[in-house]
Amino acid sequence: MLDLKFIRENPDIVRQGVENKNEKSRVDELISLDKKRREYIQETEDLKAKKNAVSNQIPVMKKEGKDTTSVIAEMKSIGDEIKVLDDKLKDIETEIENIVMYIPNLPHSSVPVGKSAADNVEVRQWKPDGFSFENPEKVLDHIELGKKLKILDFERGAKISGSGFPLYIGKGATLERALINFMLDTHINEHGFKEVFPPFLVNRDSMKGTGQLPKMEDDMYFINKDDLFTIPTAEVPITNMYRGEILEEKDLPIKYAGYSACFRREAGSYGKDSKGFLRVHQFNKVEMVKFVKPEGSYDELEALVNDAEDILQMLKIPYRVLLLCTGDLSFSAAKCYDIETWSPAENKWLEASSCSNFENFQARRANIRYRNELTKKPEFLHTLNGSGLATSRLMVSILENYQTPEGKIIVPKVLQKYTGFTVID
RNA sequence: GGAGAGGUGCCAGAGUGGUUGAAUGGGACGGUCUCGAAAACCGUUUUAGGGCUUGCUCUAACGAGAGUUCGAAUCUCUCCCUCUCCGCCA
């Protein structure tokens, strides 16, 4: 959520930012509503002040034995007036909220302006020693490998739940678990994160806090009976840990890493890049979330990307880092890097991580503040999060990059102590 | 799911219709005292929003929302949460 005062004072900046994000805005409407809102506030508060003053006199008058019936009657009519104004005010505030909750975060000045993913900028590429994009041998894709080695079963997953719910079996399941543990351990022991294991179902306020609602409601699984949403990412429960709280400046930055299953309806995306693991309704992810002071948040973003990259370097998976252009940025993000890993069978890059700085956009929605030691005032902090990383797309790269000409899979060195085996055959 | 108790400031805890944004205690911060510290004493200590002469002023908030009333932390209703007991259960 953007600051109403900021919108009021900088309508052009807001309009431009929203346009660069390929979104529509109702800034003008918002500004005129805001003006009306302030007029109503003044009117209603003047009446309330008067009412309070007179009401406080009533007990005094009674004590003095004076007749209060006419004052009471007068206050009653003022009360009715206040009620009418308050109702109007509430309507306006609801309308303002409806507009403001749909205004996206503005892109940071360092983000390239662009329309679509084609305008994203490659920042760097990394590949292990001796790696080549050319493959003399025939490479199997992850679906073929999964079937041949009996470690992935998409058909039975579909029978149990539906398409997009993969089933991991035997060494495939162990490898998945090993990967999760390896990533968590690395972030906790080497990158200074604290482990958290969050709930997978969250309430409506949490979904609003991180920006999934109201805009993306159709993409979320919803349990009507209990008014709960399955999380699309651990970002939601972890960021909302501090919703409505004021933190101490000395405790910042706060860094959490947590595993969760992630649930996405992916409404309307059937057919496109949807085979196997490429687009699924349930996947596993280790998420990193940071709560930081505003002034250092862009350094924290760079560090966050590096922490995610570390995992891939240890796994020896080729990857590249993209700086997303304005048009490809998500609703809540001010700046975002995607990390894509290489799939030799698809012969393309697959998005495995997204690291974003939300500045105070989420903090404002979720009302997460810290007390500035200098000013002693509560201020909104900045939130960031990054996948570190999502296993499903990463699993594609691991299986495909680590296959042998005979169609076996070598377990990456760093995962071997977690799996207890070195080859899948 | 059933029965009961309860949700007040950083914490503890009073307050059952009338200047109560809230007693009292603790903590924290500032000051006096001290070589220094402790103790003692004095003072400060929620947040959001509006207005203008930016310092003041007004409004709102005692789990959330609605209601009664001239006036609500206090009364009524709905919801949420916590605790205790019972039931069920990984």
Side-chain angles (χ1 to χ4, degrees), chain A residues 1-9 30-101 197-209 213 222-229 237 240-252 254 261 360 362-381:
Chain A
M1 184 165 69
L2 298 180
D3 183 12
L4 212 51
K5 199 184 272 176
F6 178 85
I7 300 175
R8 186 194 305 155
E9 287 163 7
L30 185 65
I31 288 172
S32 80
L33 280 169
D34 176 58
K35 188 165 175 235
K36 218 187 280 178
R37 165 180 156 265
R38 282 179 296 149
E39 286 166 7
Y40 276 124
I41 285 175
Q42 220 172 327
E43 213 174 319
T44 187
E45 285 187 355
D46 284 349
L47 287 175
K48 280 178 188 170
K50 186 176 170 191
K51 188 189 74 176
N52 287 343
V54 176
S55 285
N56 286 335
Q57 281 312 108
I58 289 176
V60 178
M61 290 171 74
K62 279 189 174 166
K63 220 171 270 175
E64 291 169 351
K66 291 183 185 160
D67 178 39
T68 55
T69 47
S70 71
V71 218
I72 286 179
E74 192 192 343
M75 287 310 101
K76 188 170 172 59
S77 85
I78 287 190
D80 292 343
E81 238 178 292
I82 289 172
K83 191 179 246 173
V84 171
L85 282 172
D86 268 347
D87 284 348
K88 283 188 187 170
L89 183 60
K90 195 175 281 179
D91 287 348
I92 287 177
E93 283 179 339
T94 307
E95 240 180 295
I96 286 176
E97 160 136 339
N98 278 340
I99 296 176
V100 115
M101 290 297 271
F197 205 141
F200 292 0
L201 299 181
V202 297
N203 59 31
R204 200 169 275 278
D205 284 342
S206 293
M207 292 293 267
K208 275 191 192 168
L213 293 186
F222 176 56
I223 294 155
N224 196 40
K225 197 171 181 183
D226 297 294
D227 205 26
L228 291 170
F229 295 83
N240 277 282
M241 282 170 67
Y242 295 119
R243 171 154 48 83
E245 297 190 26
I246 301 172
L247 307 175
E248 292 302 322
E249 177 170 344
K250 65 174 163 55
D251 295 331
L252 300 180
I254 295 174
N360 66 25
Q362 292 182 328
R364 204 176 275 282
R365 289 185 159 230
N367 197 21
I368 308 171
R369 291 172 292 173
Y370 75 102
R371 192 171 299 281
N372 185 311
E373 276 171 7
L374 273 176
T375 65
K376 305 279 181 217
K377 291 282 169 206
E379 293 174 13
F380 291 111
L381 45 71

Which one, [options], comes nearest to the side chain of [X]?
X      : options                : answer
A:P59  : B:rU59, B:rG18, B:rC70 : B:rG18
A:S55  : B:rG71, B:rG50, B:rA48 : B:rG71
A:I246 : B:rG49, B:rU47, B:rC70 : B:rU47
A:Q57  : B:rC70, B:rG50, B:rU19 : B:rU19

Classify the side chain of A:K51 versus the base of B:rG71 as yes if they form a donor-acceptor pair under 3.5 Å and no if they do not.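 No pair found.
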Considering only heavy atoms and no angle criterion, is a donor-acceptor pair shorter than 3.5 Å present between the side chain of A:E45 and the base of B:rG49?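 Result: at least one qualifying N/O pair found.
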Decide whether A:N203 and A:S206 meet the rule of one side-chain donor and one side-chain acceptor closer than 3.5 Å.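 Judged by distance alone, the side chains do pair up.
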Does [N] have a Watson-Crick or wobble partner in any strand here, with both distances under 3.5 angstrom, and which is it?
N      : value
B:rC77 : B:rG65
B:rA48 : B:rU59
B:rG25 : B:rC11
B:rC83 : B:rG4
B:rA90 : none
B:rU32 : B:rA40

Walk me through it: do A:R38 and A:D34 pass the test salt bridge (Lys or Arg N to Asp or Glu O under 4.0 Å)? CA-CA 6 Å; A:R38 282 179 296 149; A:D34 176 58; 3.5 Å; yes
Taking only N and O in the side chain of [X], is any of them less than 4.0 Å away from OP1 or OP2 of [N]?
X      : N      : value
A:R38  : B:rG51 : yes
A:N52  : B:rG18 : no
A:R371 : B:rU47 : yes
A:K90  : B:rA66 : yes
A:K48  : B:rU59 : no

Would you indicate what A:R364 reaches in the nucleic acid, counting non-hydrogen atoms under 4.0 angstrom: base, sugar-phosphate, or nothing?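 Answer is nothing: A:R364 stays at 4.0 Å or more from every strand.
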With heavy atoms under 4.0 Å as the rule, sort A:K377 into base, sugar-phosphate or nothing.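 If one applies the 4.0 Å heavy-atom cut-off, A:K377 turns out to touch nothing in the nucleic acid.
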When you measure from the centre of the six-membered ring of A:F222, is the NZ or CZ of A:R204 under 6.0 Å away and within 45° of the axis?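 Ring-cation test returns yes.
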